[in-house]
Amino acid sequence: MFYREAGDFKTSYTDDSQTFPIKFDRWRYYAVLAVAFGVIPFIIDDYWANAVLVPFLIYAIAAIGLNILTGYCGQVSLGTGGFMAVGAYACYKLMTGFPEISIVFHVIGAGFITAGVGALFGLPSLRIKGFYLAVATLAAQFFLVWLFNKVPWFYNNSASGQISAPERTVFGIAVTGPNTEAWAKYLICLCFVVVLAWVARNLTRGTIGRSWMAIRDMDIAAEIIGVNPLKAKLTAFAVSSFFIGVAGALFFSVYLGAVEVGEVFGIQKSFLILFMVIIGGLGSIFGSFAGAAFMVLMPVLLKNVLVGQLGWPTDLAAHLDFMIVGALIVIFLIAEPHGLAQLWRLAKEKLRLWPFPH
Amino acid sequence: MKDMSEGYTTADGRKIGGTMMEMKNITLRFGGVVAIKDISFDIREGEIRAIIGPNGAGKSSMLNVISGFYIPSEGEVWFHGSKRPQMKPYQVAQQGIARTFQNIALFKGMSTLDNMMTGRMTRMKSSMAQQAMWWGKAQKEESEHREAVEKIIDFLEIQAIRKTPVGRLPYGLQKRVELGRALAAEPKLLLLDEPMAGMNVEEKEDMSRFILDVNDEFGTTIALIEHDMGVVMDLSDRVVVMDYGKKIGDGTPDEVRNNQDVIDAYLGVSHD
């Protein structure tokens with residue numbers, strides 16, 4: 001009844017182009033932020049942080065990043081895992097090289113380094129499209145993982161070949177290393193997510209976002225009306241890689257603490273994030289969150305139900321988990337190829353008219 | 001060669017200025033196929049110039065040469081009195097040349113408004129950092145351009161579909177939005193590739209009115225390709241006729257109508 005535009009008049013173009021044009025949406029958004037910042041940090045425990053919330057937030061950043069490239073600019077990438085690895089290793093080198101600087105800057109710096117690497121591997125996109133580009137980015141995936149395994153400089157010659165995050169603090173509170181509290185991990189990830197989602201939204205609704213979407217929808221027409229395809233594609237690769245690099249840096253330093261590159265940032269990671277983007281909805285920031293939530297929560301939920309409630313053996317549940325998640329993805333793609341974001345949009349359309357049918 | 005500063009007055013009393021664009025001996029080859037063969041013509045400031053010809057005559061190729069999508073194998077393109085160096089299509093757009101397409105080439109996933117805002121791409125100046133923060137110039141620029149686009153939305157009478165994704169619009173409206181996207185760039189020269197293809201009589205009348213109004217109100221020079229001879233003869237000030245990549249006629253609609261080569265090309269000639 002109260003979810004509609006009626007009576008909510010816009011008197012300037014700035015008002016009209018805001019992210020949540022409906023007042024109810026705006027308040028709901030503030031409510032979500034208030035709960036995320038004001039309530040969850042006080043009730044969070046290690047299980048919720050490590051199994052659900054922290055991976056959800058980090059994957060959301062990565063999914064937004066891939067969504068910018070694939071959903072908004074139409075360039076398919078299978079190199080997400082590799083770019084996350086770049087973020088992780090860049091963060092590690094920065095952390096160990098400049099220990100006096102705040103971890104926040106290390107993570108952002110890792111993002112910028114990944115942006116440069118991403119733009120470099122984006123160069124083939126100027127010549128090739130679609131599946132061929134996907135294969136080219138696949139090469140990036142394997143090359144980067146190989147590089148971080150082979151060159152000892154990247155892991156500071158450690159005997160195990162792993163990288164592990166030393167303890168770093170923000171405002172005197174440990175956010176990396178073994179002594180980190182659950183709420184600190186959660187809060188630092190949440191801060192990055194909120195800021196980056198806001199940046200992503202700003203970029204995608206403005207000039208750059210329109211140039212990306214123009215390239216996605218019809219690249220020849222885009223070029224003829226004045227979009228520089230070189231600039232549009234390379235900025236998409238750079239911005240996307242920035243997000244993915246930050247996600248990789250947080251994944252390594254805050255979430256895992258120690259990383260073996262082939263295991264953590266392998267091709268599975270690339271596909272996982274691609275699934276998030278496709279299930280969540282291509283070309284939607286909300287979809288990135290929804291997809292990340294789906295892919296993180298579904299296995300946890302299944303495990304809790306199968307092992308916790310039904311008492312099945314863990315290994316059987318683990319196998320079934322693969323099958324059920326796989327089947328869900330297939331069913332989902334057939335039933336709603338535009339993802340969770342589209343379902344959400346339809347629900348809002350209905351809600352706007354409710355209680356009337358039309 | 002004609003004097004560059006020469007102008008003329010049309011039958012309905014509009015003053016046409018000097019030469020805006022001049023195509024000099026354009027030849028376009030694709031391997032062994034000659035799409036355009038040694039064609040020269042000019043487009044004057046403020047005029048409506050039509051390019052007509054049977055299917056496969058090379059009209060669209062000509063438009064593609066003008067918009068920089070094809071690079072002519074031989075010949076020169078002169079724009080505003082200077083020879084145009086080889087440039088990319090988006091650089092041509094920056095010079096003030098906009099176009100529509102024969103088969104609608106809108107950005108289907110974007111709203112009408114976003115499509116038209118994209119048309120103003122060449123005028124957007126804010127940096128990526130400003131856009132990321134949605135701060136200062138980026139926000140101000142967005143509102144200013146929105147205002148300019150809204151004027152064109154009013155002009156084309158498409159207020160109601162402002163926020164509709166263009167993929168959902170019917171064909172006639174899509175054509176109109178595409179014209180709007182080209183107009184949003186505030187071009188000096190507007191190229192229309194069959195703006196009335198596939199339309200019914202009412203839609204054609206609407207579109208003709210828009211084309212005349214654009215020329216009249218904004219002073220935009222227009223070059224158009226069209227198959228409907230009634231429309232072409234009514235709208236255009238001068239007509240170029242092409243056949244098999246060659247120019248077979250050039251002049252006012254009346255001159256062209258009475259040109260024997262043109263009549264032969266359209267009606268066919270018996271060879272006995």
Side-chain angles (χ1 to χ4, degrees), chain A residues 5 10-19 21 68 71-74 115 126 195-232 234-236 238-239 242-243 281-284 338 345, chain B residues 64 67-69 88-95 97-101 104-110 113-135 138-147 149-150 162-163 166-167 178 181-182 184-185 187 191:
Chain A
E5 297 98 331
K10 307 287 188 295
T11 51
S12 74
Y13 292 132
T14 319
D15 278 353
D16 194 44
S17 61
Q18 60 192 339
T19 305
I68 283 174
Y72 284 95
C73 197
L126 305 175
V195 172
L196 288 178
W198 176 70
V199 166
R201 169 65 192 159
N202 286 343
L203 285 175
T204 50
R205 69 173 160 170
T207 313
I208 291 186
R210 279 191 294 264
S211 73
W212 292 338
M213 288 187 276
I215 290 285
R216 168 195 72 190
D217 284 350
M218 190 146 302
D219 50 353
I220 290 171
E223 192 175 357
I224 281 178
I225 67 167
V227 176
N228 182 346
L230 177 101
K231 202 175 143 199
L234 290 189
T235 51
V239 172
F242 177 84
F243 279 68
L282 289 163
S284 157
H338 297 291
R345 266 195 289 273
Chain B
N64 282 335
S67 63
F69 191 62
K88 301 261 184 213
Y90 69 89
Q91 292 168 319
V92 174
Q94 280 162 5
Q95 285 200 321
I97 298 179
R99 70 169 291 180
T100 66
F101 296 82
I104 299 171
L106 285 168
F107 308 126
K108 290 207 166 36
M110 297 159 73
L113 193 61
D114 276 340
N115 266 279
M116 294 174 69
M117 290 291 277
T118 313
R120 293 185 74 78
M121 191 61 71
T122 53
R123 292 167 185 274
M124 303 282 189
K125 297 282 178 284
S126 64
S127 71
M128 193 151 112
Q130 286 168 326
Q131 287 181 46
M133 300 293 148
W134 201 249
W135 180 74
Q139 200 176 19
K140 199 165 134 247
E141 191 177 60
E142 186 84 3
S143 293
E144 283 168 9
H145 288 297
R146 175 77 189 272
E147 203 173 330
V149 163
E150 287 291 340
R162 204 184 264 128
K163 300 219 166 152
V166 292
E178 205 189 13
R181 186 180 68 185
L191 309 172

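A note on names: the letters A, B, ... follow the listed sequences, proteins ahead of strands, and every chain is numbered from 1.
When heavy atoms are compared at a cutoff of 4.5 Å, A:Ala222 approaches chain B by way of both its backbone and its side chain. Of the atoms belonging to B:Ala138, not a single heavy atom falls under 4.5 Å from chain A. Contact of B:Leu113 with chain A is not made at all, since no heavy-atom distance falls under 4.5 Å. There is no contact between A:Val195 and chain B, counting heavy-atom distances below 4.5 Å.
Heavy-atom pairs under 4.5 Å with chain A were tallied for B:Glu142, B:Gln131, B:Arg99; the largest tally goes to B:Gln131. Heavy-atom pairs under 4.5 Å with chain A peak, among B:Pro187, B:Ala93, B:Gly167, B:Pro89, at B:Pro89. Between chain B and the residues A:Thr235, A:Ile220, A:Thr204, the largest count of heavy-atom pairs under 4.5 Å involves A:Ile220. Contact count against chain B (heavy-atom pairs under 4.5 Å) is highest for A:Asn228 among A:Val199, A:Ile208, A:Asn228. The candidate with the highest count of non-hydrogen atom pairs below 4.5 Å against chain A, out of B:Met110, B:Lys108, B:Lys140, B:Arg120, is B:Met110. Taking chain A as the reference chain and counting heavy-atom pairs below 4.5 Å, the highest number among B:Arg181, B:Met117, B:Lys163, B:Glu150 is found for B:Met117. When each of B:Gln139, B:His145, B:Glu141, B:Glu147 is scored by its heavy-atom pairs under 4.5 Å with chain A, the top score falls to B:Glu147.
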Can you check side chain to side chain contact (heavy atoms under 4.5 Å, CB included) on B:Met121 and A:Thr207, steps first, answer last? CA-CA 7 Å; B:Met121 191 61 71; A:Thr207 313; 3.4 Å; yes
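For A:Arg201, the side-chain contact (heavy atoms from CB on, under 4.5 Å) criterion is met by A:Thr19, A:Arg205, not counting sequence neighbours. Residues satisfying the side-chain contact (heavy atoms from CB on, under 4.5 Å) test with B:Gln91, not counting sequence neighbours, are B:Met87, B:Lys88, B:Gln94.
Residue B:Asn115 holds its CG atom at 7.5 Å from CD1 of A:Ile225, rounded to the nearest 0.5 Å. Distance OH/B:Tyr90 to CD/A:Glu223: 8.0 Å, rounded to 0.5 Å. Interatomic distance, B:Phe101 CZ to A:Ile224 CD1, rounded to the nearest 0.5 Å: 4.0 Å.
Across every non-hydrogen atom of B:Ala105 and A:Ala221, the tightest pair is O-CB, 3.5 Å.
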